[in-house]
Amino acid sequence: MTPWLGLVVLLGSWSLGHWGAEACTCSPSHPQEAFCNSDIVIRARVVGKKLVKEGPFGTLVYTIKQMKMYRGFSKMPHVQYIHTEASESLCGVKLEVNKYQYLLTGRIYDGKVYIGLCNFVERWDQLTISQRKGLNYRYHLGCNCKIKSCYYLPCFASSKNECLWTDMLSNFGYPGYQSKHYACIRQKGGYCSWYRGWAPPDKSIINATDP
């Protein structure tokens with residue numbers, strides 16, 4: 001059994017499939033959570049793939065050209081191969097070869113990088129400007145904050161380090177505006193709140209619960 005099968009229940013993050021394939025269920029999470037909870041976050045182009053006999057249905061090994069690393073410098077400064085389950089029902093990820101650049105988040109196990117549908121895996125050209133800024137400058141500032149999902153009302157922050165994530169309450173559904181445009185960042189006084197502007201984060205001008 002590959003490590004992804006053991007991690008799938010624990011790692012609920014936004015993905016290409018958002019809700020995953022049949023028999024692969026992923027809890028939604030904000031891109032910042034995916035960033036902070038991943039061992040590796042990179043932008044890369046897939047240049048090759050092969051199927052190896054590992055796991056119940058095999059494992060796809062993608063050869064990539066790493067364009068930029070956002071997280072994981074101390075663990076694996078350069079990534080050449082990405083592993084995923086061959087079956088989408090086991091949360092395997094299908095990537096196009098020599099076609100797109102991807103934002104990939106994953107975990108390291110036994111010296112190998114693994115990704116799945118419950119990780120944040122997205123085409124780079126599909127990311128918003130705010131998400132790209134988050135990867136470069138903002139998300140890491142909020143890794144000590146907690147993003148609390150709101151599925152129904154009323155919904156309240158239970159501590160000062162929480163940001164209420166309300167995309168699931170919107171008529172437009174998930175992923176929504178907070179996922180695409182906001183980061184949850186610790187402000188003065190230890191409070192965490194949503195942030196998207198150019199100026200330095202300041203708790204005095206940011207509402208902690210409603211972006």
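Small disclaimer: the values here were computed from a predicted structure and weren't measured.
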Gap between atom OH of Y182 and atom CG of D167 - 0.5 Å precision: 10.5 Å
Interatomic distance, K146 atom NZ to C192 atom SG [nearest 0.5 angstrom]: 11.5 Å
D125 CG to Q101 CD distance, which is reported to the nearest 0.5 Å: 9.0 Å
Test side chain to side chain contact (heavy atoms under 4.5 Å, CB included) applied to K133 and L135, step by step: CA-CA 5 Å; K133 290 178 181 176; L135 292 165; over 6 Å; no
Parallel, tilted or perpendicular: ring planes of Y100 versus Y102, cut at 30 and 60 degrees: perpendicular
Interatomic distance, L90 atom CG to E85 atom CD [nearest 0.5 angstrom]: 5.0 Å
Shortest non-hydrogen separation from S130 to R138 and the atoms involved: O-NH1, 4.5 Å
ILVMFWY clustering at 4.5 Å (side-chain atoms), partners of Y137: none
Nearest atoms (heavy-atom pairs only) where S38 meets A34: OG-O, 2.5 Å
I129 with Y195, same ILVMFWY side-chain cluster at under 4.5 Å: no
Check: T128 main-chain N/O paired with Q131 side-chain donor or acceptor under 3.5 Å: yes
Residue pair S149, Y151: steps toward the side chain to side chain contact (heavy atoms under 4.5 Å, CB included) verdict: CA-CA 6 Å; S149 300; Y151 295 98; 3.7 Å; yes
Minimum-distance pair of heavy atoms, taken over all atoms of T84 and G92: OG1-CA, 3.4 Å
Nearest-0.5 Å distance that lies between atom NZ in K112 and atom CE in M76: 10.5 Å
Counterpart residues, side chain to side chain contact (heavy atoms under 4.5 Å, CB included), relative to Y152 (two or more places apart): none
Polar side-chain atom of T166 near backbone of L169 as donor-acceptor pair, under 3.5 Å: no
Test of ring centre spacing under 6.0 Å for W194 and H30: yes
Residues forming a side chain to side chain contact (heavy atoms under 4.5 Å, CB included) with S74, sequence neighbours excluded: none
Verdict with reasoning, C145 to C163, per disulfide (SG to SG under 2.5 Å): CA-CA 8 Å; C145 296; C163 293; 5.6 Å; no
Hphob cluster co-occupancy, V97 + L51, side-chain heavy atoms under 4.5 angstrom: yes
Test side-chain hydrogen bond (donor to acceptor under 3.5 Å, both in side chains) applied to S159 - qualifying residues, sequence neighbours left out: N161
Test log, rule side chain to side chain contact (heavy atoms under 4.5 Å, CB included), inputs I82 and L104: CA-CA 9 Å; I82 297 289; L104 305 172; 4.1 Å; yes
C143: side chain to side chain contact (heavy atoms under 4.5 Å, CB included) partners, not counting sequence neighbours: F35, C36, R71
Of N37, D39, V41, the residue whose pairing with T105 passes side-chain contact (heavy atoms from CB on, under 4.5 Å): V41
Minimum heavy-atom distance between G116 and V121, given as atom pair plus value: O-CG2, 4.2 Å
Within one Ile-Leu-Val-Met-Phe-Trp-Tyr cluster: F156 and M168, side-chain cutoff 4.5 Å: no
Non-hydrogen side-chain atoms of E33 and Y139 separated by less than 4.5 Å: no
C118/C26 under disulfide (SG to SG under 2.5 Å): CA gap, chis, key distance, verdict: CA-CA 5 Å; C118 292; C26 307; 2.0 Å; yes
Residues S179, W165; criterion side chain to side chain contact (heavy atoms under 4.5 Å, CB included); working and verdict: CA-CA 8 Å; S179 298; W165 185 30; 3.1 Å; yes
Side-chain heavy-atom pair Q32, F120 within 4.5 angstrom cut-off: no
Flag, side chain of Q80 to backbone of H78, donor-acceptor distance under 3.5 Å: no
Would you be so kind as to tabulate the donor-acceptor pairs closer than 3.5 Å made by side chains of residues 60-69, with sequence neighbours excluded?
{"unit_1": "Y62", "atom_1": "OH", "unit_2": "V93", "atom_2": "O", "d": "2.9"}
{"unit_1": "Y62", "atom_1": "OH", "unit_2": "L95", "atom_2": "N", "d": "3.0"}
{"unit_1": "Q66", "atom_1": "OE1", "unit_2": "V79", "atom_2": "N", "d": "2.7"}
{"unit_1": "Q66", "atom_1": "NE2", "unit_2": "P77", "atom_2": "O", "d": "3.4"}
{"unit_1": "K68", "atom_1": "NZ", "unit_2": "N136", "atom_2": "OD1", "d": "2.6"}

Geometric cation-pi criterion, R107 with Y114: 6.0 Å, 45°: no
Atom pair CD/CZ of Q178 and R196 - distance to nearest 0.5 Å: 11.0 Å
Modelled atom types, side-chain donor and acceptor of S89 and S87, under 3.5 Å: yes
Side-chain heavy-atom pair Y109, H83 within 4.5 angstrom cut-off: no
Same cluster (ILVMFWY, side-chain, under 4.5 Å), Y81 and V52: yes
